[in-house]
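If you're wondering where the values come from, they're calculated on a predicted model, not measured in any experiment. Reminder, nothing fancy here: chain letters follow the sequence lines and each chain counts from 1. These values consider heavy atoms only, across backbone and side chains, with no hydrogens, waters or symmetry-generated copies.
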2 protein chains.
Amino acid sequence: MNKSTQTLQAAAHGGAFHIEDIYPLIDGGRFAVKRIVGEPIEVWADIYRDGHEVIAAALIWRREQDSAWQRVPMTHVVNDRWSATFTPQQLGRHAYAIEAWTDEFATWRHGAELKLKAGQDLSLDALEGAGLLTKAQTDDPEVLRLIQQRCEEYLRTGDITPLLSPELRDAMATSQVRQDLTRTDPLPLTIDRPRARYGAWYEMVPRSQSSEPGRHGTFRDCIARLPDVAAMGFDVVYFTPIHPIGATNRKGRNNALKAEPGDPGSPYAIGAEHGGHDAIHPELGTLADFRAFIDACEVVGIEVALDIAVQCSPDHPWLKQHPDWFKRRPDGSMKYAENPPKKYEDIVNPDFSCEDASSLWNALRDVILFWAEQGVKIFRVDNPHTKPLRFWEWLIREVQLRHPDVIFLAEAFTRPKLMKGLAKLGFTQSYTYFTWRTQKWEIEQYLRELTDYPERDFYRPNFFTNTPDILPFHLQGGEPWMFKSRLVLAATLSSTYGIYNGFELLEHEPIPGKEEYLDSEKYEIKVRDWDKPGNIKPYIRDINRIRGANPALQQTSNLRFLEVQDPNVTGFVKTSVDGTSAVAVAIALSSDYHEFWLPLGDVQIEVAGERRPVVAVENLLTGERHALDWGGINLRIDPHRDPALLFRCLA
Amino acid sequence: MNKSTQTLQAAAHGGAFHIEDIYPLIDGGRFAVKRIVGEPIEVWADIYRDGHEVIAAALIWRREQDSAWQRVPMTHVVNDRWSATFTPQQLGRHAYAIEAWTDEFATWRHGAELKLKAGQDLSLDALEGAGLLTKAQTDDPEVLRLIQQRCEEYLRTGDITPLLSPELRDAMATSQVRQDLTRTDPLPLTIDRPRARYGAWYEMVPRSQSSEPGRHGTFRDCIARLPDVAAMGFDVVYFTPIHPIGATNRKGRNNALKAEPGDPGSPYAIGAEHGGHDAIHPELGTLADFRAFIDACEVVGIEVALDIAVQCSPDHPWLKQHPDWFKRRPDGSMKYAENPPKKYEDIVNPDFSCEDASSLWNALRDVILFWAEQGVKIFRVDNPHTKPLRFWEWLIREVQLRHPDVIFLAEAFTRPKLMKGLAKLGFTQSYTYFTWRTQKWEIEQYLRELTDYPERDFYRPNFFTNTPDILPFHLQGGEPWMFKSRLVLAATLSSTYGIYNGFELLEHEPIPGKEEYLDSEKYEIKVRDWDKPGNIKPYIRDINRIRGANPALQQTSNLRFLEVQDPNVTGFVKTSVDGTSAVAVAIALSSDYHEFWLPLGDVQIEVAGERRPVVAVENLLTGERHALDWGGINLRIDPHRDPALLFRCLA
C-alpha cells in the first residue's frame, strides 16, 4: 500500500471491523473494571465487517507491566455478538483488548464448499486455495508438513477435496497473515485479592483498648483484645489514626473548641513534635510495638487497616519543613480547614495545587508506601471527596503498581455521583448510604443500584452499621433486635461490612437530637467492659461463621430479592460466583411477629456442572431442614428471639 | 507549576473534573450524532469535582472547519447533572464539547455569605476577596469600573458588603481565570437539512418512462412524467442507475444468464464503451438532457436521487484504464462478483484493498462529486454492506466536507448490527426491515427499536413499501386495502418513505413462490398506463398532502403507540419537534371491519408555550371533528373503504 493510501485510509479513522458494545466496560474504557484474582471474566462484543467473509476474533490480555499479550479465541454466539472468557492469575492492573481479522483461507474454503455442493467447476478455486496455502506464515513443522502433503495430494489427483479438510482449515486459522486486523484500545482492568470483596471489619480506637480506667491504651492492649475480636469472627481490625496528635487548638471532649488539660485530642489532628503521618503517637507504643500487633493479628488470621487522613495539625512537622505546601491568609496566619460557617482550627489542609505540589503528592504517596512496607495492606481513606480526584487516581496507581495487594476504602459520605466517581478512579471499596437505609423499599432499591451493571464492576460496598461519627437514629433505642437486624442486613446484603466497636455492646447514647455519639471517643479515652451483659457477641460470631462457610455470602452482586408479601421483611437469595452454593435470607425490619412465605421455586444451583432447582433448605444456625412445598417455605420470625433466618439451599 | 509536577499530574490522566454520561453520544463519541439544522439540541452531562467549591460549566460547539468555538453556559439541574441547549444554524460536520471549571470568586463569596450569616469576623475574608478581584483578567471597561468602584467602597468603609454584590459575582464569572479547566474531547455531530429526515420518494426506472411500447424511455419522457409524480405529492424522484450498460455477459429478461438480441440488460451492470459511472446511457439522452430533467424537477419542487452501485460491467472503461483495480483468477480471467454459489458474471467488483487503492477510492469519490456538481444532492447507495466500512466513512466525510447538503441512503438489507454500523459511520438514511413487517407486534417492536436512544440519533429510517427487488408476499394478492394500508404505515410511521413505481397501479405479479417481480424491469423495458383503472394515486396524493401539512409527520422519533385493543389495528400519536402539533393515526392490518377505542387522554400539545391536553380531533381527510369522550374516541374502520384514520389533535 503506498503512502498516499495510508493517509487516505487513516482518514477513515476506524479499522476494517467495528468492535462495539464491549462488556464489561466502564465509561468507554476511561476507568478500570474490578475483578477478583482466579475468577473467570466473560467478555462480550459486537464484531462485524462488510461482506460475507469468514471472520475470527480473539480476546487478548496482559498485566500492565508485561509486554506480551495472552490470547484466547472468541466465539460467535448470535447476531454478530462474540464472547470469550479468561482468568487472570495475578494481582494488579491489567489491560484487555479485542482483535478481529478476516480468515482468508476459511473464506475461500466456505465458498468452495458451497460451489462443490452446487456442482460447479472448481479447478480455478483449487488453484486459488493452493495459492493461499503457499502464503502460510509458520515455523510449525506439523503445519508445514500438513500443507505440503495436502497440496501434493491435490496436484497428484487434481481433486480439490484434500484442500478442504478441516485440519487444514484449523492449521491455516493460526498460520496465515491476519488480514484486516483491527484491535480495540486496551481496556483497563484491576485484579484484586479476595479480601477486596469479602471481609468483616472491626473498627477500634487503639487508645481506648486499655483495661484500666484512665490509662491510655497501647498496641499491647490491642494485642490483648485480639482473641475477643477473632472469636467474633472479624477479618480486619481497622484503627483510627495512630499518629502523634497536635496540641495547638486541640479539641476537648464532645468536640469542645478548647481542650482541658489532660484531654487527648482528636486522632484526626495529625502531627506533633514526635512526627507526622509516618510516626506513631508515643503513648500507643513504638513502631516495633505496632509491628508486633500486626504479627499478632496474622497469628489469628486478621488483617490491619489504617486510617489515612490527609490533614495536619498546626504542629505537624510538614508545616515547618514545607511551609509552601500550606495556604496562608492575608495577615500571614495559617488557613485552617473550614466548611463555612464550620471551622476546624485544629487542622490545616495541604494545598494540592501549590507550586511545589509534586513533592507534596510524592510525600503523601510515600506515607502509604511506608506503612505498606510495615505490612499494612488496607487503607481506609478519610474524606477523599475533599481532595482532588486526579490526586487519588495517581496515588492509588502509584501504590498498587508496587503493592498490587493494597486495598483502599473510600470514606466518602457525599453526593452519589461523587462517591461513584471515587470508586471509578480506583478506590477498591467504598462506604455507602446503608447506615441510613431502613425501609424495605429503600434497602432493596439501593442494593439493586449497587448490584446493577456497571456499578457492580467498579463500586464495592462496605456496609458499616455505625461509625465513630454516626450513631443512626434507629440504633438510639438500644433495642437488641434492631442491632441484630442491622448486623445481619450489613453482613449478608454486602460481602464486606463493618461495625465500629461498642456496637456489640449495644452502645447507643446520642448527643440529643443528633446522629452522633455522646462522649465520643474521638475526643476522649474510653474504657469498656467488653463482656458487658446483654452484648450480642455470640450472635455476631454466628453470623461471621456462616459468612465464612458459605461462598454465596462472600460476594455482593449475585443478589436477588425475593417476593415477600410482608412489608417489613426483606428476603433475598445469593449465589456464589461459581454457582454451586446459594444462601436464602429473610430479615425482619420491624419488631413485631412475622409469618410469611419465601418463594424459592426458581432458585437453581450448579451440581456437577448442571443447574438444578432447589428442593430443600437447611437452617444455617440450627441445622434444621425444610423441604420446599409448592415452590417455597412458610416461615415465622420473632425478632426478639432472632430477627433473621439464614438457609443454605439444597438441590 | 514546575515540570515534574506536570508530569506527575499528567500521570493522573483525568482533569480536575469528571464529566460523564454525556447525552447525546454514540459509542462514546466514536460516531456522530445526527440532527437537523435550526433545531435546538439539548446536551446533558454529569459534572463534578472534589470538595465544596462553586463550579461552572459551558457547552461549546463549532463547525469542524471553523477554529473558534461558540459557547453557552450550562445549568445545574439536579444531582450533579447539568444541561444546556444550542441550535446549529449551518449544515455539516460539527463538534461539541463540555468545559467545567472552578469559579474561585463565587466560591469565596459563598463562604463569606455563610460566615456573615453566622456572625463571624470577615476582615480577612474581605481582604482575600479583594485579592481575587485584582486577579480579574478582562479588558471590559464596565467590569473594570465595577471592580474598582466596589473595592474603593470596601476600602473606604471596611465593610465587606460591596464585595458580595451579585453584579460583581456575575462580572467575575466571566472575567477571572477559569481554575481547574477541564474539557472533554470534541464529540462529533452531523447537521443535515430537513430533507434528510422528511421526504416521500418515488423510485422509477427512467428507460421505462416512454409512452410508446418498444421505445426506450429518455430523460425527456421522465420530464413528461413529472406532473403526475408531483401531483401525487412526492418530494424525491429516485432513478435506478443511468449509466451505460455493459454488453459482455449481459443478463436477459427475468435474470436469464444470456441476453437475447435487443435485451437492454441490467442498469446495475455499469460501464460500456460510452463510459462508466460518470457517463450517461446514450439511449436515455445527454448530460444536458439530464440537467434539463433536474431543472424540471426543481420547478415542481422535486429533488433527484441517483443510484450509486460501485460494481462495473466487464466493459467498464476502468477495466482497461486501471486493470490493477480488479482481481484476476489464476488463469488470468476476470474475477466476477459472486456470493457462492451465486455468480454475477455481468459485473466485477473493484478490489478496495488493491495496491493502487488510493486512486480507486479517489475515483469513486470523484464520481459522487461529479454528480453533486450537476445538482444531484441525494445518493442511494446500492449494497454498501459489501464494501469496506471505512471506505464509506471516508467517502461520506470527503463529500460532505465539500457539499454538506448531500444525503446518502444506505440500501443494505443485511444483519441488524451491520445495518446500524453503516448508519453510525455516516449514512444519512437507511433502508429497513419495514418491507417485511406485517404483524402489529413486530411493527410496534421494530419502531420502538428505531425510535429508542441512541438509535434515533444515528439511524434515520426510509420505509419502502416495495422495491424493484422486493415484491413482498402480502402485496402479491393485489388487494387495494393492503396497498393503502402499507402506504399509510410507511408514510406515517416514518417521516421518510418511498414507493417503487407500479405500486400506485397495484402491480403484484410475482415470480411464483418468490418475493420478486415477474418480468422485472431490471432486465427489460416496460411501458405502463399510468392512469390504469383501480390505481390509488388519489389516495397517495391525500396522504402526502397530509404529511406536508402536519409537522408531526415530518419526523420519526416522537412516536408513541397507543393502547388499541384490536390485535389488527395499530394506533399511535406523533408530535412535532417543537411540540405544537400532534397527529393521531389508526391503521388496519387486516381486511375485516374494526371498531375500537383510541385512547388520547394523556396526549398534550404546546399552545402559547404551555402544554395542554388534547380535547378534540379533526379528521385530516374529511375535516370532521370529534370531541374526546372519556379520554378517547370510538372509531370504526372499514378497510375496503379506507384502512386508515388520521387526525389532527386539538387542545
Side-chain angles (χ1 to χ4, degrees), chain A residues 1-2 4-5 8-9 11-18 20 27-29 46 48-52 79-80 110-112 114-115 117-118 120 124 127-128 131 329-331 333 338-341 353 355-358 361-362 385-391 393-394 397 415-418 421 424-425, chain B residues 1-2 4-5 8-9 11-18 20 27-29 46 48-52 79-80 110-112 114-115 117-118 120 124 127-128 131 329-331 333 338-341 353 355-358 361-362 385-391 393-394 397 415-418 421 424-425:
Chain A
M1 208 178 281
N2 65 33
S4 140
T5 309
L8 178 148
Q9 294 219 356
H13 58 114
F17 287 81
H18 283 190
E20 300 172 345
D27 288 5
D46 290 347
Y48 59 87
R49 54 157 284 175
D50 59 287
H52 307 284
N79 192 13
D80 292 326
H110 180 65
L114 290 170
K115 292 179 188 176
K117 245 188 230 166
Q120 296 175 6
L124 289 176
L127 276 171
E128 282 165 349
R329 308 208 63 184
D331 65 349
S333 68
E338 58 174 8
N339 184 10
S353 51
E355 284 277 334
D356 192 27
S358 69
W361 288 34
N362 283 323
H385 58 291
T386 56
K387 288 91 198 171
L389 298 170
R390 57 183 162 184
F391 165 72
E393 190 166 13
W394 169 83
R397 159 179 289 274
R415 308 187 310 281
K417 284 168 188 170
L418 181 47
K424 284 182 189 175
L425 64 79
Chain B
M1 209 176 283
N2 64 34
S4 139
T5 309
L8 178 148
Q9 295 219 356
H13 58 116
F17 286 82
H18 282 189
E20 300 173 344
D27 288 5
D46 290 347
Y48 58 87
R49 54 157 284 174
D50 59 287
H52 306 283
N79 193 14
D80 291 326
H110 181 65
L114 291 169
K115 291 178 189 175
K117 245 188 228 167
Q120 295 175 8
L124 288 177
L127 276 171
E128 283 165 348
R329 308 208 64 184
D331 64 348
S333 67
E338 58 175 7
N339 184 10
S353 51
E355 284 277 333
D356 192 26
S358 69
W361 289 33
N362 283 324
H385 58 290
T386 56
K387 287 92 198 170
L389 298 171
R390 56 183 164 184
F391 165 71
E393 190 167 11
W394 169 84
R397 157 179 291 275
R415 309 187 308 281
K417 283 168 189 170
L418 181 47
K424 284 182 188 176
L425 65 78

Original post:
At what distance, to the nearest 0.5 angstrom, does CG of A/Leu124 lie from CG of B/Asp331?
Top reply: 4.5 Å

Counting heavy-atom pairs closer than 4.5 Å to chain A, which one of [options] comes out on top?
| options | value |
| --- | --- |
| B/His110, B/Glu338, B/Glu128, B/His385 | B/Glu128 |
| B/Gly421, B/Ser333, B/Ala118 | B/Gly421 |
| B/Gly131, B/Pro340, B/Ala112 | B/Pro340 |

Subject >> Heavy-atom closest contact (B/Pro330 atom, A/Leu127 atom, distance) >> reply: CG-CB, 3.7 Å

**OP:** Search all heavy atoms of B/His52 against all heavy atoms of A/Thr386 and return the closest pair with its distance.
**Re:** NE2-CG2, 4.0 Å

Original post:
So A/His18 and B/Leu425, side-chain contact (heavy atoms from CB on, under 4.5 Å) or not? Walk me through it.
Top reply: CA-CA 10 Å; A/His18 283 190; B/Leu425 65 78; 4.1 Å; yes

**OP:** Please confirm whether the backbone N or O of B/Asn79 pairs with a side-chain atom of A/Lys417, one donor and one acceptor, at under 3.5 Å?
**Re:** yes

Original post:
Heavy-atom distance under 4.5 Å to chain B: side chain of A/Gln120, backbone, both or neither?
Top reply: side chain

Original post:
B/Lys117 versus chain A, heavy atoms under 4.5 Å apart: side chain, backbone, both or neither?
Top reply: neither

